[in-house]
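Note that these values count all heavy atoms, side chains included, but never hydrogens, waters or copies made by symmetry.
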Amino acid sequence: MDARLLETLRAVHDHGGVTAAAAALHVTPSAVSQQVRVLQREVGAVLLERVGRGVRLTPAGAALAAAAVDVAVAVERARAAVDAHRAEPTGTVRVSAFQSAAQMLLPGLLTRVARLGGIALECSDEDVAQAEFGALTADFDVVVAHRPDRAPGWGGGLRVEPLLREPLDVALWPGHPLAQRATLEPADLAGEDWIAVREGFPVAAVLSELAAIAGSPPRIVQRINDFHVVEALVAAGHGISLLPRYTTGAAPDRLRLVPLAGVRAGRQIDALLRPDRAERLVVQRVLGELRTQAREIERSAAT
């Protein structure tokens, strides 16, 4: 059974259809359909069925796509065994990160990888809802994702590498009555106007938890996902917000960050990988540099 045909079927599964799989594989939809037909003849079972104007995997197709993961892992492990005998791993690694993590991690990561030589990083900023990060691993070797404290994990089928935890603080303009406090408790924030991120994003879940502890729903006046815009709105006195401690860049005379007490408010930042791509030595090397960069950020923040 040709591993390339299995990878094509897996792409149809991961991307939800022939057209999307073709775009991801950089081939035509007809080429994807042809490869699936060849695979169907090899296994003697129907793998795709038409639904409306599109197609979906049959139960046999879904089972084979799941088994294709093990084949892909074995192939990459075999390649890694050969690569281990080379002086240094080389190749291209595609990395995605949500915007504030990209700001925090990518400059240092690019510098570190450049020192290694032979590895090309292709970076992208992908800001998606929490539930959508896993799907990005179909297109990227390493996906930097975030989830609230105590949130469930990322589900099966992924390799998860914890990078760091970033606290979330209350952001206020300097003239706000609470701006000079050393810490704030959820009850202190009742009745405030909030600038929040959109629902489904990790910081929104933390705000909901704070409101539940305080016993009153937050009064949300704006929903903005770009933290730079949020900083500007808070600094202008249009509301308060929750902002990540390490990546908020506004000067203290424009914005005050006050830690929360009585509640654990933060986000866990993880690297997500498909298990087959995690076997590649060049990916492992980049992941190691990413972990080192994250540890340096945490050490620097602690001093």
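No side-chain heavy atom of Leu210 sits less than 4.5 Å from a side-chain heavy atom of Pro218. Annotation: side chain of Trp194 is in contact with side chain of Ile240 (closest heavy-atom distance under 4.5 Å). The closest side-chain heavy-atom distance from Arg159 to Trp154 is not below 4.5 Å. With a 4.5 Å cut-off on side-chain heavy atoms, Leu9 and Leu57 count as touching. Two residues are said to be in side-chain contact when any heavy atoms from C-beta on lie closer than 4.5 Å; Leu184 and Leu172 meet this criterion. Residues Leu178 and Leu189 are in side-chain contact: their nearest non-hydrogen atoms beyond the backbone lie under 4.5 Å apart. Between Val206 and Asp149, the closest side-chain pair of non-hydrogen atoms is not below 4.5 Å. Side chains of Val170 and Glu192 form no contact here, defined as non-hydrogen atoms less than 4.5 Å apart.
Here the straight-line distance linking atom CD of Glu185 with atom CD1 of Ile213 works out to 10.0 Å at 0.5 Å rounding. Rounded to the nearest 0.5 Å, atoms CG (Leu168) and CG (Leu260) are 8.5 Å apart. Going from atom CG of Leu121 over to atom OG1 of Thr111 covers 10.5 Å, rounded to the nearest 0.5 Å. The CG atom of Asp193 lies 9.5 Å from the CD atom of Gln222; values are rounded to the nearest 0.5 Å. Here CD1 of Ile224 is found 10.0 Å from OG of Ser241. Values are rounded to the nearest 0.5 Å. Note: Asp276 CG to Glu279 CD = 8.5 Å, rounded to the nearest 0.5 Å.
Closest non-hydrogen pair, Asp270 versus Pro162, comes out as OD1-CA, 3.3 Å. Counting all heavy atoms, side chain and backbone alike, Gln40 lies closest to Leu48 at OE1-N, 3.3 Å. Across Pro275 and Gly157, no two heavy atoms sit closer than the pair CD-O, 3.3 Å. In plain terms, the two heavy atoms of Phe201 and Val128 that are nearest each other are CE2-O, 3.1 Å. Closest of all the heavy-atom pairs between Gln99 and Asp127 is OE1-CB, 2.5 Å. The two residues Ala171 and Val234 make their nearest non-hydrogen contact at O-CG1, 3.6 Å.
Under a hydrophobic clustering in which Ile, Leu, Val, Met, Phe, Trp and Tyr are joined whenever their side-chain heavy atoms come within less than 4.5 Å, directly or via other members, Leu116 and Val95 fall into the same cluster. Leu136 and Leu287 fall within a single hydrophobic cluster, where Ile, Leu, Val, Met, Phe, Trp and Tyr side chains are chained together by heavy-atom contacts under 4.5 Å. Hydrophobic clustering (ILVMFWY, side-chain heavy atoms < 4.5 Å, transitive): Phe227 and Phe98 are in distinct clusters. Residues Val93 and Leu110 fall within the same hydrophobic cluster, defined by Ile, Leu, Val, Met, Phe, Trp and Tyr side chains chained together at heavy-atom separations under 4.5 Å. Linking ILVMFWY residues whenever their side-chain heavy atoms come closer than 4.5 Å, directly or via other members, leaves Val258 and Tyr246 in distinct clusters.
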Can you list the steps and then say if Arg254 with Glu231 is a salt bridge (charged side-chain N to carboxylate O under 4.0 Å, His left out)? CA-CA 9 Å; Arg254 294 186 63 241; Glu231 289 177 21; 5.3 Å; no
- [ ] Tell me, with the steps shown, if Glu7 and Arg10 meet salt bridge (charged side-chain N to carboxylate O under 4.0 Å, His left out).
- [x] CA-CA 5 Å; Glu7 183 62 25; Arg10 185 181 175 193; 3.8 Å; yes
(Q) Go through it in stages, so that I can follow the logic: the residues are Leu64 and Leu39, the test is side-chain contact (heavy atoms from CB on, under 4.5 Å), and I'd like the CA-CA distance, side-chain angles, deciding distance and then a yes or no. (A) CA-CA 10 Å; Leu64 189 56; Leu39 187 57; 3.9 Å; yes
Report task. Start with the C-alpha distance between Arg256 and His176, add both sets of side-chain angles, then the distance that settles side-chain contact (heavy atoms from CB on, under 4.5 Å), and finish with yes or no. Result -> CA-CA 9 Å; Arg256 298 288 172 85; His176 191 284; over 6 Å; no
- Task: Start with the C-alpha distance between Gln35 and Arg4, add both sets of side-chain angles, then the distance that settles side-chain contact (heavy atoms from CB on, under 4.5 Å), and finish with yes or no.
- Result: CA-CA 9 Å; Gln35 291 178 34; Arg4 291 171 298 181; 5.6 Å; no
How far apart are the C-alpha atoms of His228 and Gln103, what are their side-chain angles, what is the distance that settles it, and do they pass the side-chain contact (heavy atoms from CB on, under 4.5 Å) test? CA-CA 11 Å; His228 295 295; Gln103 173 188 339; 3.3 Å; yes
*asked:* side-chain hydrogen bond (donor to acceptor under 3.5 Å, both in side chains) for Glu126 and Ser96? Distances and angles first, verdict last.
replied: CA-CA 6 Å; Glu126 302 290 334; Ser96 80; over 6 Å; no
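Between Gln34 and Arg37, the side chains place a donor N or O and an acceptor N or O closer than 3.5 Å (distance only, hydrogens not considered).
A salt bridge (Lys or Arg N to Asp or Glu O under 4.0 Å) check over residues 294-303, counting only residues at least two apart or in different chains, returns the pairs Arg112-Glu296.
Although no hydrogens or angles enter the test, the distance criterion places a donor-acceptor pair under 3.5 Å between the side chain of Gln284 and the main chain of Ala278. Distance alone, capped at 3.5 Å, places no donor-acceptor pair between the Asp169 side chain and the Arg245 backbone. With hydrogens and angles ignored, the 3.5 Å screen pairs a side-chain donor or acceptor of Thr137 with a backbone N or O of Gly134.
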Which atom pairs, donor and acceptor, lie under 3.5 Å between side-chain atoms of residues 139-146 and protein residues at least two apart or in another chain?
unit_1: Asp141; atom_1: OD1; unit_2: Arg280; atom_2: NH1; d: 3.4
unit_1: Asp141; atom_1: OD2; unit_2: Arg94; atom_2: N; d: 2.7
unit_1: His146; atom_1: ND1; unit_2: Arg267; atom_2: NH1; d: 3.2

